[in-house]
Enquirer: 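Questions regarding the structure given below will be posed in turn.
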Number of protein chains: 2
Amino acid sequence: MVNVFIRKLDAAGGLNETDHETLRRLSSHDRLVPARQDLIREGDRTETVYLVLSGFACCYKILPRGRRCISGLMVPGDFCDPRASILDEMDHSIATMTDCTVVEIPRQTMWRLIEDHPRIAHAVCWSMLVDGAVTREWLIGIARRLAPERMAHLFCELLLRLRAVGLAASNEYALPFTQSDLADMLGLTPIHVNRVLRDLRSRGLIVLSRRRLRILDEARLIAFCSFNPNYLHRIPVIDRISTEKAMNDY
Amino acid sequence: MVNVFIRKLDAAGGLNETDHETLRRLSSHDRLVPARQDLIREGDRTETVYLVLSGFACCYKILPRGRRCISGLMVPGDFCDPRASILDEMDHSIATMTDCTVVEIPRQTMWRLIEDHPRIAHAVCWSMLVDGAVTREWLIGIARRLAPERMAHLFCELLLRLRAVGLAASNEYALPFTQSDLADMLGLTPIHVNRVLRDLRSRGLIVLSRRRLRILDEARLIAFCSFNPNYLHRIPVIDRISTEKAMNDY
DNA sequence: CTGACACACTAATATATGTTTCGCATTGAT
DNA sequence: ATCAATGCGAAACATATATTAGTGTGTCAG
């Protein structure tokens, strides 16, 4: 298996082979966690940082009426904020959504890593900033985008995030979520997620079956939701010209 | 004027008088910026960190249809992420909402400050983490809270944030926003903000007039929106018992 | 093979919020 | 004093999404 952790941090730039080796050693002691299991709960003291090597995890909170609200998604290569131990207690929970391979990194190990490896520290810092930008973009989507665009936007974001770690074939990737999961991410009801999926399908933008998402026309999907990848802070992987062309078609 | 910057970072704990002096020197060269002026624009390279000493500023983005979406609020004492210069370019803009006193801190000065003053570095780090938690809480509110609760939640949050820097009398503070501003923060239309304000007023929870918000019954307001201040990571300033009592009334 | 269960799908209805439109008050400039 | 600009208040209407209530389908334990 490719080391998604290295792939992810490499996007920040500046890592050399020694750093790669360090990261490889760090992520060698992994552990399997079954789907739908809490890794950390709101209120816990945080002593370890979690790194996801395979599968999907999420940050969530349970609201008074018992509804779950997912405030962030962790795809392979992602890890939770190593600075969290500065805070008294977690203000949200983290749980696996699918079976996951995770690495538990003790707080001290993480701090030492950052102290001793300036280039890795830089990359980790970059990753944290991107995570913040993603959260803001989700906020914006829920605040101002209609459900179909919002979902299309999520699919575009995941395409880029998964591509960055080598987990998306040209226009297709595993999307092992139930419609309820999607609802909790998008701030919708499962029923409406179903309707919106039908809508996107009938527009010929996507096909979602057997837990795989196929994007039929990337440029049109991007245009449909006015997706601007700048907040992911990566070298653009997307064919801008064809995107702009499709923009005008709308 | 009290130094709100010091008050704010003090909430992280651990600062001594020397640190206070350092921070005082840092924030001595301030500058007046009129209301509704951009400090940084999306796409800019970030060379300076902004610190707000008085007034309100916000992080925002303009969406395709020209709508503004506010993804974060800066109250006196707040500053933008000092690590931002790691990224290639800003993914959002920052603008004043009222007349503001701001301090521009060059990137290098900020890094040196953090290198040389471990306790300040710790406090800055704490502040960044809290900012992230606030963004997540806004996301959750927009996703799952109804407009009246969402607005009440914002009012509770601001009460605590302003109290922390000494800018809220027991149950009253300056709220110098237009209804349009509130709409852009809450993901609503200005018209609906008007309706919701009327609703909160008619419930006897708040009075908003002449740009000041008065909270008539703090415990009831907290109960009304199930406000849980844990995400602000401060020593609770709120009378928990009376809050829980009011919770049961609902 | 069977029941239990989770999940996908659909329809009918309800409601929170958006849209459009208008009037009024305040403020500041001329 | 007059006027435009801005913000607040409100009504009528439109619509995106939620709610409620169900049907069908695949999977898995027994």
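Hydrogens, waters and symmetry mates are skipped; everything else that's a heavy atom, side chains included, is used. Residue numbers begin at 1 in each chain, while the letters A, B, ... track the order of the sequences. As the structure is a computational prediction, the values presented were derived from the model and not from experiment.
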Enquirer: With sequence neighbours left out, what residues match A/F177 under ring pair (Phe, Tyr, Trp, His ring centres under 6.0 Å)?
Expert: A/F56
Enquirer: Look at atom CZ of B/R41 and say whether more than 12 heavy atoms of other residues, nucleotides or ligands are closer to it than 6.0 Å.
Expert: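 No.
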Enquirer: Can you run down the salt bridge (Lys or Arg N to Asp or Glu O under 4.0 Å) pairs that involve residues 52-61 of chain B, sequence neighbours left out, and say none if there aren't any?
Expert: A/E137-B/K61
Enquirer: Could you state the atom-to-atom distance from CD1 of A/I142 to P of D/dA16 in whole Å?
Expert: 18 Å
Enquirer: Measure CZ/A/R145 against P/D/dA16 and give the value in whole Å, please.
Expert: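 So the CZ-P distance, A/R145 to D/dA16, works out to 17 Å.
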Enquirer: Nearest-Å distance, CZ (B/R36) to P (D/dA5)?
Expert: 17 Å
Enquirer: How are the rings of A/H153 and A/Y231 set relative to one another: parallel (under 30°), tilted (30 to 60°) or perpendicular (over 60°)?
Expert: parallel
Enquirer: Name all residues meeting the ring pair (Phe, Tyr, Trp, His ring centres under 6.0 Å) criterion together with B/F155; count only those two or more places apart in sequence or in a different chain, and write none if there are none.
Expert: none
Enquirer: Taking protein heavy atoms under 4.0 Å as touching, what does nucleotides 23-30 of chain D look like 5' to 3' if B marks base contact, S marks sugar-phosphate-only contact and - marks none?
Expert: --------
Enquirer: What pairs meet the salt bridge (Lys or Arg N to Asp or Glu O under 4.0 Å) rule with one or both residues in residues 182-197 of chain B, with sequence neighbours excluded?
Expert: A/R144-B/D184, B/R68-B/D184
Enquirer: Check salt bridge (Lys or Arg N to Asp or Glu O under 4.0 Å) between A/R161 and all other residues, then give those that pass, not counting sequence neighbours.
Expert: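 By the salt bridge (Lys or Arg N to Asp or Glu O under 4.0 Å) rule, A/R161 matches A/D78, A/E157.
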Enquirer: Students should find this one: the first and last nucleotides of DNA chain C, 5' to 3', lying under 4.0 Å from a heavy atom of chain A. What are they?
Expert: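 Reading along DNA chain C, I get C/dC7 to C/dA12.
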Enquirer: Could you name each residue pair satisfying side chain to side chain donor-acceptor pair (under 3.5 Å) that touches residues 165-177 of chain B, not counting sequence neighbours?
Expert: B/E172-B/R212
Enquirer: Which donor-acceptor pairs under 3.5 Å do the side chains of residues 204-211 of chain A make with protein atoms, sequence neighbours left out?
Expert:
none

Enquirer: For the pair made of CG in A/L182 and P in D/dT17, what is the distance, rounded to whole Å?
Expert: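 For the pair A/L182 CG and D/dT17 P, the rounded distance is 15 Å.
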Enquirer: What are the two closest non-hydrogen atoms of A/P76 and A/S54, and how far apart are they?
Expert: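 Heavy-atom minimum between the residues: CG-CA, 3.9 Å.
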Enquirer: If you look at every heavy atom in A/A133 and B/D91, which pair is closest and at what distance?
Expert: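 For A/A133 versus B/D91, the nearest heavy atoms are CB-OD2, 3.4 Å.
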Enquirer: Atom CG of A/D199 and atom C1' of D/dA16: how far apart are they, to the nearest Å?
Expert: 12 Å
Enquirer: Rounded to whole angstroms, how far apart are CZ on B/R144 and P on D/dT17?
Expert: 13 Å
Enquirer: Check B/V196 against B/A147 and note the closest heavy-atom contact, atom names and distance.
Expert: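 Where B/V196 meets B/A147 most closely, the heavy atoms are CG2-CB, 3.7 Å.
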Enquirer: Under the salt bridge (Lys or Arg N to Asp or Glu O under 4.0 Å) rule, collect the residues that match up with B/D199, sequence neighbours excluded.
Expert: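 Salt bridge (Lys or Arg N to Asp or Glu O under 4.0 Å) check on B/D199 returns B/R203.
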Enquirer: For the helix from C/dC1-D/dG30 to C/dT30-D/dA1, how many degrees between its two end axes (five pairs per end), to the nearest 10°?
Expert: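 Here the local axes at opposite ends form an angle of 40°.
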Enquirer: For A/R195 and D/dT15, what is the distance between atoms CZ and P respectively, to the nearest whole Å?
Expert: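 That distance rounds to 16 Å.
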Enquirer: Where do N or O atoms of nucleotides 8-10 of chain D meet protein N or O atoms at under 3.5 Å, pair by pair?
Expert:
{"from": "D/dC8", "atom 1": "OP1", "to": "B/R211", "atom 2": "NH2", "distance (Å)": "3.0"}
{"from": "D/dC8", "atom 1": "OP2", "to": "B/Q179", "atom 2": "N", "distance (Å)": "2.8"}
{"from": "D/dG9", "atom 1": "OP2", "to": "B/Q179", "atom 2": "NE2", "distance (Å)": "2.7"}
{"from": "D/dG9", "atom 1": "OP2", "to": "B/N194", "atom 2": "ND2", "distance (Å)": "3.1"}
{"from": "D/dA10", "atom 1": "OP2", "to": "B/R198", "atom 2": "NE", "distance (Å)": "3.0"}

